[in-house]
Amino acid sequence: MEKSLSEHKLVTDAADLATIAEALQGAEFVGVDLETTALSPRDGRIRLLQIATPDETHVIDVFEVGDLSPLKDVLEGGPVKVLHNAKFDYSFLKAEHGISLSPIFDTMLAAQLLAGGNQGPSFSLEAVAEREAGIELDKSARREDWSGKLSEGQIEYAARDAKVLLPLREKLAEGLEKDELLRISKIEFAAVASIAEMELAGVKLDVARWKELEKVVRKRRDEKALELDAQFPEPEGMLPLEGLGPRLNLNSPQQITDAFRSLGIELSDTKVWTLLKVDHPAAKLLLEYRELQKKLGTYLETYPKFVDGKDGRIHANFLQCRVPTGRLACTNPNIQQIPHEDEFRRCFVAEEGYTFVIADYSQVELRILAEVSGDPAFVEAFQNGDDLHRVTAATMYGVTMDEVSKDQRSAAKRINFGLMYGRGAKSLSAQLGTDEERGRQLIDEYFANYPKVRSFLQKTASRAVRDRTLRTIAGRLRKFGDSAFDDKGAMRREAMNYPIQGASADIAKLALVYVREDLEGLDARLVNCIHDEFVVECREDIAGEVAERTSAAMTRAGSAILKKVPTEVEVVTSREWRK
DNA sequence: GTGTGATGCCAC
DNA sequence: AAACGTGGCATCACAC
Ligand SMILES: Nc1nc2c(ncn2[C@H]2C[C@H](O)[C@@H](COP(=O)(O)OP(=O)(O)OP(=O)(O)O)O2)c(=O)[nH]1
Ligand SMILES: [Mn+2]
Ligand SMILES: [Mn+2]
């Protein structure tokens, strides 16, 4: 450890930064890490910036030097910046110093790509360094307080975290090349900036409007609770006063099952689908109560707590490699699962003088299936500009194309994707309200129209069983662990889904990169990403230009992945989030 | 008190 | 329980 002691320098004098910048310019790779006083740039500040070259590690006390502008050029270009979980460091440097790290090599993302969607192992720096490079790190300093006087130990640990990134990158880069993950890793690394900036931008929730809705829904929920409660008989021997409080917990599936039993109704479960078949007023009331309770508990009462006090916006956390298929996940809060109804979405609003440009890929996974299966009728349908969700809706509900309602088209999506990914006749007929035989018939007809679709899906499932591995078009790797599946059928269905949902994620992530690039310099920024939909907030007076550029960038990303099938994007401009 | 699995439902 | 897939999250029941 003495050796590394001599190799790092604590920088407290701003005048030294220009020299450091100059020394860094010649490097091919530099390890970069931050120590901060909190986990979000809205809650804390950067204390240390560590930059490592093979020769030396600069540990810069940002409390002391203040201004980092002498380093801006070298951090925004030149050497590859190697970081572990780069989104974190990117956000702080962007928010605090207006610095956009580039280009990026993220050792965490690299390790996740190499793991092939296996989320079992930890992806902490310590775990990845150990696993991928055999380097053992002590993590005791990780959660220390970085706001006060720093011990020599803290500075030592800080330097070490940056320095270790260089040999770690070498190992990971070898692995990426060997496993043919270079293309997808480049996309992932480039998407970091888009995702970090999207989180920093946040999205505005009109809290007054939201709370207004909350009041209305709470009143209805409470009324419904009383009505529902009254459906069930008083338990024996209950004293009059006890009846004042709620005697039955309506949120308990167990208690609900017992309560229905007291009405002479046996329920296999209390899901929507089961309750819909029960011919009793209590079943209908329960469904209505559930819907209101869900909206109140999950959304209306919860989301205002996430509004940032300073800017009135929600800054969600987007997880870049949480999902094996490559889709983003979103937490705290999840703004990818806001109810689709206007009454909710209209509460997400652009700032005064700004508007939203909302762009969504048309029928994206259907197009991908056409591409990867090469089925002639399927490919031709898209070359003709057909809307296959609408076609399915018209067929299944026995209406003309013009008569298909929004709800019917939406229901047809579930049917189309269900059929693609191995849905059974029972489940399909249940949704359609037909008998099982009719379900069987519809499935057969569907695949008879598209024979190469069936063969592609079966081939994919069998390959996964045989090779335990699949790839998306951009090369993202999925490993199917031997022990993970006790149900082979489930694994086959997952396999059929993976290359297609995965290709959709390939496109979306490339689009994240392109959209950010093409909007640079405009007063426009990405504020939400719902898998195949982008929400951009921009000055009202440039909305036309922004809509053009956003949809062109998304289309370009689609065309980079899909060669036979055209990509289409539906764009809407609105001050509220609605389509 | 905190943690975990089951249940259920929102989005794509 | 049903042979669509990917998620997050609230609530309950029960363990510790
Ligand atoms: N397996 C499965 N995938 C779904 C389901 N709903 C949505 N997806 C996937 C496939 C879709 O192509 C993708 C994007 O969802 P969208 O709501 O945007 O639908 P899509 O793009 O197909 O149609 P659109 O033209 O945008 O209305 O998400 C579903 O119920 N099951
Ligand atoms: Mn879409
Ligand atoms: Mn969509």
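Letters A, B, ... are given to chains in the order of the sequence lines, protein chains preceding strands, and every chain is numbered from 1.
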Presence of A:Thr325 side-chain N/O under 4.0 Å of C:dT6 phosphate oxygens OP1/OP2: no

Nearest-angstrom distance, P atom, B:dT4 to C:dC4: 31 Å

Closest listed nucleotide, where the reference is the side chain of A:Leu319 and the choices are B:dG8, C:dT6, C:dG8: C:dG8

Sugar-phosphate only, base, or nothing, as touched by A:Gly424 at under 4.0 Å among non-hydrogen atoms: sugar-phosphate

Touch class at under 4.0 angstrom, heavy-atom based, for A:Ile338 against every strand present: sugar-phosphate

Nearest-Å distance for atom pair CG/P, residues A:Asp532 and B:dA11: 15 Å

Nearest-nucleotide 5' precedence on DNA chain C, A:Phe417 against A:Gln336: A:Phe417

Side-chain donor-acceptor contact under 3.5 Å, A:Trp577 with A:Glu533: yes

Distance in angstrom units between A:Tyr361 OH and B:dC12 C1', rounded: 15 Å

Between B:dC12 (C1') and A:Arg414 (CZ): distance, integer Å: 13 Å

Test item: side-chain donor near acceptor, A:Glu197 and A:Tyr90, under 3.5 Å: yes

Closest nucleotide among C:dT6, C:dG5, C:dA10 to the A:Pro324 side chain: C:dT6

Spacing of A:Lys271 atom NZ relative to B:dC9 atom P, expressed in whole Å: 8 Å

Sub-4.5 Å side-chain heavy-atom contact between A:Glu291 and A:Arg220: no

A:His340 side chain, from C-beta outward: closest of C:dC4, B:dA11, C:dT6: B:dA11

Between A:Tyr289 and A:Asn251, a side-chain donor and acceptor under 3.5 Å: yes

Distance, rounded to the nearest Å, where A:Leu328 contributes CG and C:dG7 contributes P: 12 Å

Ion pair A:Glu199/A:Lys87, N-O distance below 4.0 Å: yes

Out of B:dC12, C:dG5, B:dG8, whichever nucleotide has its closest atom nearest the side chain of A:His531: B:dC12

Between B:dG8 (P) and A:Leu276 (CG): distance, integer Å: 14 Å

Value in whole Å for how far the P atom of C:dC4 lies from CD of A:Gln458: 14 Å

Check the interface with nucleotides 11-15 of chain C: list each N/O to N/O pair with the protein under 3.5 Å, or write none.
residue: C:dC12; atom: OP1; partner: A:Asn249; partner atom: OD1; Å: 3.3
residue: C:dC12; atom: OP1; partner: A:Asn249; partner atom: ND2; Å: 2.7
residue: C:dC12; atom: O3'; partner: A:Ser252; partner atom: OG; Å: 3.2
residue: C:dA13; atom: OP1; partner: A:Ser252; partner atom: OG; Å: 2.5
residue: C:dA13; atom: OP1; partner: A:Gln255; partner atom: NE2; Å: 3.2

B:dC9 phosphate, OP1 or OP2, under 4.0 Å from A:Arg290 side-chain N/O: yes

Distance-only polar pair, side chains of A:Arg290 and A:Thr270, donor-acceptor under 3.5 Å: yes

Nearest listed nucleotide, side chain of A:Lys294, among B:dC10, C:dA10, C:dT6: B:dC10

Sugar-phosphate, base or nothing in reach of A:Ser504, heavy atoms under 4.0 Å: nothing

Selection from B:dG8, B:dC10, C:dG7 that lies nearest to any side-chain heavy atom of A:Tyr299: B:dC10

Distance-only donor-acceptor check, side chains A:Tyr446 and A:Gln441, under 3.5 Å: no

Nucleotide nearest A:Gln337 (side chain, heavy atoms from C-beta), chosen from C:dG8, C:dC4, C:dG5: C:dG8

Touch class at under 4.0 angstrom, heavy-atom based, for A:Gln501 against every strand present: base

Touch class at under 4.0 angstrom, heavy-atom based, for A:Arg322 against every strand present: sugar-phosphate

Closest to side chain of A:Tyr421, choosing from C:dC4, C:dT6, C:dG8: C:dC4

Presence of salt bridge, A:Lys509 and A:Glu188, under 4.0 angstrom: yes

Touch class at under 4.0 angstrom, heavy-atom based, for A:Asp487 against every strand present: nothing

Closest-nucleotide 5' rank along DNA chain C - winner of A:Arg478 and A:Thr274: A:Thr274

Quiz item: A:Arg327 side-chain donor-acceptor pair to B:dC12 base, under 3.5 Å: yes

No-hydrogen, no-angle side-chain donor-acceptor test under 3.5 Å, A:Asp506 and A:Thr472: yes

Nucleotide B:dC12, atom P - distance to NZ of A:Lys579 in whole Å: 6 Å

